[in-house]
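Below is one structure, written out as structure tokens; comments come after it.
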Amino acid sequence: MPNIFLEVRDSSNTLLGQTNRVLYLEITRPLDQIGRVKFAVPDNDPVCAYLDPDDLGKYFWFYEEYQGVSQSARTPLTVAGLYNPPDLDVIAGGGQLDVDTLDRGGDLMYRFNAEDSRWATATALSTILGTGSGTPPGLLNGTGWTLNIEVGPGAVTAIAEFQGEDLAAAIAKVVQDAVDTSGTPAPLHWWVDPVNQVLYVGVLGAASGLRLAQAEAPNPDGTLPTVIIEQLRRRGTGKLVNYLYVEGGSAGADRLPLPFPKSSGAYTVQSGTSRQGATYYYLKDAASITAYGEFRDTFSDNSANTRNLTTTQAQDALYNASCAHLARSKDPHKAWSCQARGAALAALNPGAALDLWYSRDVVTTLLTGEQVTREVAIDETVYLTKLVRRLDDQGIHYDLDLGSTLDHQLGSTLAEHIGKRIAAAARATQRAATTRMATQGSVVAAGAAPANASFVTTAAESGLSAETVYN
């Protein structure tokens, strides 16, 4: 295990204690959420005096200790903090103290709020989220955090109203409700750098240049992959919605008035009459319904109320939020969990694009005794939605959550994605005629499973997916 060095500091950055007796460190960096940090130290270490869950306001700086490198020159692995329950767990037992808490992004949940403020017209995200001190000031103003926004081609705006939400919730709402210059939903993503206190906002899919593959699978240029798959699990698809009932937000005097007419923008608000004679309003994506059938759900945004907005402004806010929700949900989403190894994984950021390649012949023995060979083949561009890095006495381990959905529509990024999918399809047709794994399936695969591996298929929830286990 790398030697991990821990410093405990207060909110003024004053050093309180330090130790190099960290038993393990686990860093979780998710997309669209605050990250988590888990670690343990012996319960007789003096630093335990600063791990009291009732003594908040402490920060934990973790370093990888290198011989001959001064402390000031080391780059922190991460920074975590002590925050209020339920986001803090301290467990004593077995001679050690285990801590499970948020990384320093927790400041955006517990130290700062979005004061009563509103942007009643479409406003650039850099203005709403930034550090400017205008009227109203940017959400990050006075927090010590900075904004790094990369939205691709075209301006992206939002209409936003806040009434004391915590800053992380406010940021999530602005990012999810973004629209482009034509009014088309352009939901973006966010993640935080807890070391440098930077909020990143942008489209999914910044190219990482990394290829996840089996150890024996060469890269297209003939070199071996830098990131090796040790285990791969294919999960079922996410929830598909292409017919969305829209309800007015809030309640009582703040309830959004209906009817809710809207004929411009990405989707037209349509209406129908229930069996009880009440009028309801909905959005639908015709292309998705044609491709997959009709899948319905209900959407209500309780933050789109009329306390500080005109009726039209409140309707626009609800419309933008519901369009963004439909745009995210109208296409099937494939997901994988992956255990991998490779030093290059340490530099990955949430949202990064990777090439996932996996191919193996699997022999199936039917009940009749007949053996059928099929190829499990994955060749896709996928996106990192969560990265877990664990350092312990067994070494360094990485767990990745990966998704297939490109849920934004911003210019060349989409075109590049489509191009990669076409190229992947062309490569697939060159392989020997085989039966591809069903897209609704789940896969668990060991990186070095033998070619004659057995498998079992069982029904999964809703009857729409199955799980295939390779061993």
Side-chain angles (χ1 to χ4, degrees), residues 1-8 18-30 35-45 47-48 51 60-69 74-80 89-103 194-195 208 210-217 224-235 336-350 352 354 356 358 384-402 443-450 453 469-471:
M1 171 184 174
N3 196 17
I4 305 302
F5 194 85
L6 165 62
E7 294 181 348
V8 182
Q18 56 189 14
T19 183
N20 62 355
R21 300 172 68 197
V22 178
L23 302 177
Y24 72 84
L25 172 65
E26 182 176 291
I27 304 167
T28 299
R29 301 178 63 206
R36 299 200 70 87
V37 175
K38 298 179 182 179
F39 66 96
V41 294
D43 60 10
N44 61 356
D45 194 290
V47 81
C48 290
L51 303 181
F60 309 119
W61 293 69
F62 294 92
Y63 300 86
E64 202 166 351
E65 195 170 36
Y66 296 102
Q67 201 69 18
V69 179
R74 297 173 189 150
T75 300
L77 295 168
T78 192
V79 180
D89 198 4
V90 179
I91 303 173
Q96 67 186 51
L97 204 64
D98 291 83
V99 180
D100 180 359
T101 188
L102 297 174
D103 67 28
V195 174
S208 67
L210 296 184
R211 184 171 186 253
L212 287 165
Q214 295 145 288
E216 67 272 21
L224 292 178
T226 54
V227 179
I228 306 300
I229 293 174
E230 296 182 330
Q231 186 180 85
L232 182 68
R233 177 186 294 270
R234 166 71 194 281
R235 302 199 303 267
W336 294 266
S337 295
C338 179
Q339 293 179 8
R341 54 185 166 87
L345 290 169
L348 279 181
N349 291 322
L354 305 95
L356 176 63
Y358 186 92
L384 180 65
T385 57
K386 184 170 72 174
L387 176 67
V388 180
R389 182 185 186 191
R390 183 180 173 93
L391 302 90
D392 57 26
D393 57 3
Q394 301 299 311
I396 302 177
H397 319 269
Y398 292 94
D399 291 299
L400 294 77
D401 283 359
L402 307 166
V443 175
V444 181
V469 178
Y470 300 86
N471 51 40

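We number each residue from 1, following the sequence as shown.
- Across every non-hydrogen atom of Asn20 and Asn3, the tightest pair is O-OD1, 3.4 Å.
- Residues meeting the side chain to side chain contact (heavy atoms under 4.5 Å, CB included) test with Ala352, sequence neighbours left out: Ser208, Leu348.
- Looking at heavy atoms from C-beta onward, Ile228 lies out of side-chain contact with Leu212 at the 4.5 angstrom threshold.
- Remark: Asp45 pairs with Arg21 by the salt bridge (Lys or Arg N to Asp or Glu O under 4.0 Å) rule, at least two apart or across chains.
- Considering only heavy atoms from C-beta on, Ile4 comes within 4.5 Å of Leu77 through its side chain.
- Arg390 is linked by a salt bridge (Lys or Arg N to Asp or Glu O under 4.0 Å) to Glu26, Asp392, counting only residues two or more places apart in sequence or in another chain.
- Partners of Asp98 according to the side-chain hydrogen bond (donor to acceptor under 3.5 Å, both in side chains) rule, which considers only residues two or more places apart in sequence or in another chain, are Tyr24, Gln96.
- In this view, Asp401 and Arg235, Ser337, Thr385, Lys386 satisfy the side chain to side chain contact (heavy atoms under 4.5 Å, CB included) rule, not counting sequence neighbours.
- Contact check on Asp103 versus Arg36 returns no salt bridge, with no Lys/Arg side-chain nitrogen under 4.0 Å from an Asp/Glu carboxylate oxygen.
- We find the OG1-CG distance between Thr28 and Asp399 to be 8.5 Å, quoted to the nearest 0.5 Å.
- Ala346 and Tyr398 get closest at one heavy-atom pair: CB-OH, 3.4 Å.
- Annotation: side-chain hydrogen bond (donor to acceptor under 3.5 Å, both in side chains) contacts of Asp89 (sequence neighbours excluded): none.
- Take Asp43 and apply the side chain to side chain contact (heavy atoms under 4.5 Å, CB included) test, not counting sequence neighbours, and it matches no residue.
- Residues satisfying the side chain to side chain contact (heavy atoms under 4.5 Å, CB included) test with Ala92, not counting sequence neighbours, are Leu97.
- Using a 4.5 Å heavy-atom threshold, the side chains of Ile229 and Gln231 count as separate.
- For Phe39, the ring pair (Phe, Tyr, Trp, His ring centres under 6.0 Å) criterion is met by Phe60, Phe62, not counting sequence neighbours.
- The stretch residues 338-347 participates, sequence neighbours left out, in these side chain to side chain donor-acceptor pair (under 3.5 Å) pairs: Glu230-Arg341.
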